[in-house]
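Notes follow the structure.
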Amino acid sequence: MSEKKAVLFIDVFNTFDFPGGDKLLENTKEILPNWEKLRNKAKENSWPVIYVNDHYGIWQDNFKKIADHTRSDDNKEIIDKMMPSEDDYFLLKPKHSAFFQTSLPSLLKELDCERVILAGVAGNICVIFSANDAHMREFKLDVPRNCVASNTKKENDDALRVIESTLNAQTDPL
């Protein structure tokens, strides 16, 4: 019997309105086709797709409100292409980790998930914090390197190196 997997998309809905946000936006646009490929693979394999996103002060588990709040001319391609479908999950997080003070651990338990596949931004902040928390909860972990973006290539490579070496994650690209 194969292990049960879930795909977590972290901070897909993002204003990119902060110092260095323009670089992160550019790097996120580069990996957008890989996010779409990962989501399609999840759908083909019946893996749950779970979006975990910053709340932007809205605090309602309503991805449409978050998408509308974060959408701009610069990021609308990302938001429009990555909108959750009816059967996807959407959770809000108060801080960097997808696990910290969210219902994600309970949801993954309910789904009998053994392995999580992380994708999102920023690799050196929210993705690495989420990967750490997944590891501490004894999930097997994949973080495809071509599905993660940070402000700079060096920051992203450094984060992926830690995720792979310290958290025992597979970082092979899709």
Side-chain angles (χ1 to χ4, degrees), residues 1-14 24 27-28 30-55 61 63 78 81-174:
M1 183 166 152
S2 65
E3 63 190 3
K4 294 194 177 183
K5 300 177 184 181
V7 174
L8 307 183
F9 284 106
I10 300 167
D11 291 336
V12 168
F13 305 103
N14 197 309
L24 182 59
N27 293 333
T28 302
E30 285 182 24
I31 66 168
L32 179 59
N34 299 323
W35 282 358
E36 292 177 288
K37 184 177 172 183
L38 177 58
R39 185 179 55 197
N40 291 340
K41 185 174 183 176
K43 299 294 182 185
E44 290 165 10
N45 289 284
S46 299
W47 302 336
V49 174
I50 306 167
Y51 292 81
V52 186
N53 215 91
D54 284 342
H55 57 80
D61 282 342
F63 68 86
I78 296 166
K81 287 187 175 183
M82 291 305 296
M83 287 296 280
S85 65
E86 257 321 284
D87 59 341
D88 293 338
Y89 299 90
F90 184 80
L91 306 173
L92 295 175
K93 62 183 182 69
K95 292 286 182 184
H96 309 303
S97 173
F99 289 85
F100 179 71
Q101 294 183 351
T102 73
S103 58
L104 182 59
S106 298
L107 175 59
L108 292 172
K109 183 178 179 181
E110 182 77 19
L111 297 170
D112 292 322
C113 182
E114 300 168 69
R115 179 176 293 276
V116 293
I117 303 167
L118 300 182
V121 296
N124 63 322
I125 305 171
C126 298
V127 174
I128 196 170
F129 278 88
S130 299
N132 180 71
D133 284 357
H135 176 74
M136 290 184 57
R137 287 168 176 80
E138 300 181 349
F139 287 100
K140 295 173 188 166
L141 188 58
D142 292 335
V143 184
R145 64 180 49 257
N146 62 348
C147 291
V148 176
S150 300
N151 290 22
T152 68
K153 181 178 178 350
K154 181 182 181 338
E155 289 171 327
N156 210 55
D157 289 347
D158 289 348
L160 287 164
R161 196 170 11 267
V162 170
I163 287 169
E164 185 174 27
S165 65
T166 305
L167 306 179
N168 302 318
Q170 298 295 317
T171 62
D172 298 332
L174 283 179

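No experiment lies behind these values; they were computed from the predicted model shown.
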### Query
In this structure, which one of Val127, Leu24, Asn53 forms a side chain to side chain contact (heavy atoms under 4.5 Å, CB included) with Asp11?
Asn53

### Query
Among Val7, Asp88, Leu108, whose side chain to side chain contact (heavy atoms under 4.5 Å, CB included) with Ile50 holds?
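For Ile50, the side chain to side chain contact (heavy atoms under 4.5 Å, CB included) check succeeds only for Leu108.
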
Reported [atom1]-to-[atom2] distance for the pair [X] and [Y], which is rounded to 0.5 angstrom:
X	Y	atom1	atom2	value
Arg137	Leu104	CZ	CG	8.0 Å
Asp142	Ile163	CG	CD1	11.5 Å
Cys126	Phe100	SG	CZ	12.5 Å
Cys147	Phe9	SG	CZ	7.0 Å
Glu30	Thr28	CD	OG1	9.0 Å
Asn168	Lys140	CG	NZ	12.0 Å

I'd like to know if the side chain of [X] reaches the main chain of [Y], judged simply by a donor and an acceptor atom lying under 3.5 Å from each other, with no hydrogens or angles considered.
X	Y	result
His96	Phe129	no
Asn124	Ala159	no
Asn40	Glu36	yes
Asn146	Leu174	yes
Ser103	Ser106	no
Asn156	Val148	yes
Thr171	Leu160	no

Closest non-hydrogen atom pair between [X] and [Y], with its separation:
X	Y	value
Lys4	Leu111	CD-O, 3.7 Å
Phe99	Ser130	CE1-O, 3.5 Å
Gly120	Trp35	CA-CZ2, 3.5 Å
Leu92	Thr102	O-CG2, 3.4 Å
Glu155	Asn151	OE1-CB, 3.3 Å
Tyr51	Met82	OH-O, 2.9 Å

#### Entry: Full working for salt bridge (Lys or Arg N to Asp or Glu O under 4.0 Å) between Arg161 and Asp158
CA-CA 5 Å; Arg161 196 170 11 267; Asp158 289 348; 2.5 Å; yes

### Query
Taking everything shown except Lys43 itself, do over 12 heavy atoms lie less than 6.0 Å from its NZ?
yes

### Message
Within a 6.0 Å radius of atom CE on Met83, are there more than 12 heavy atoms belonging to other residues, nucleotides or ligands?
### Response
yes

### Residue pair Asn45, Lys5: steps toward the side-chain contact (heavy atoms from CB on, under 4.5 Å) verdict
CA-CA 9 Å; Asn45 289 284; Lys5 300 177 184 181; over 6 Å; no

### Task
Output yes when Lys93 and Asp54 qualify as a salt bridge under the 4.0 Å nitrogen-oxygen rule, no when they do not.
yes

### Any side-chain heavy-atom pair of Pro144 and Ile117 under 4.5 Å
yes

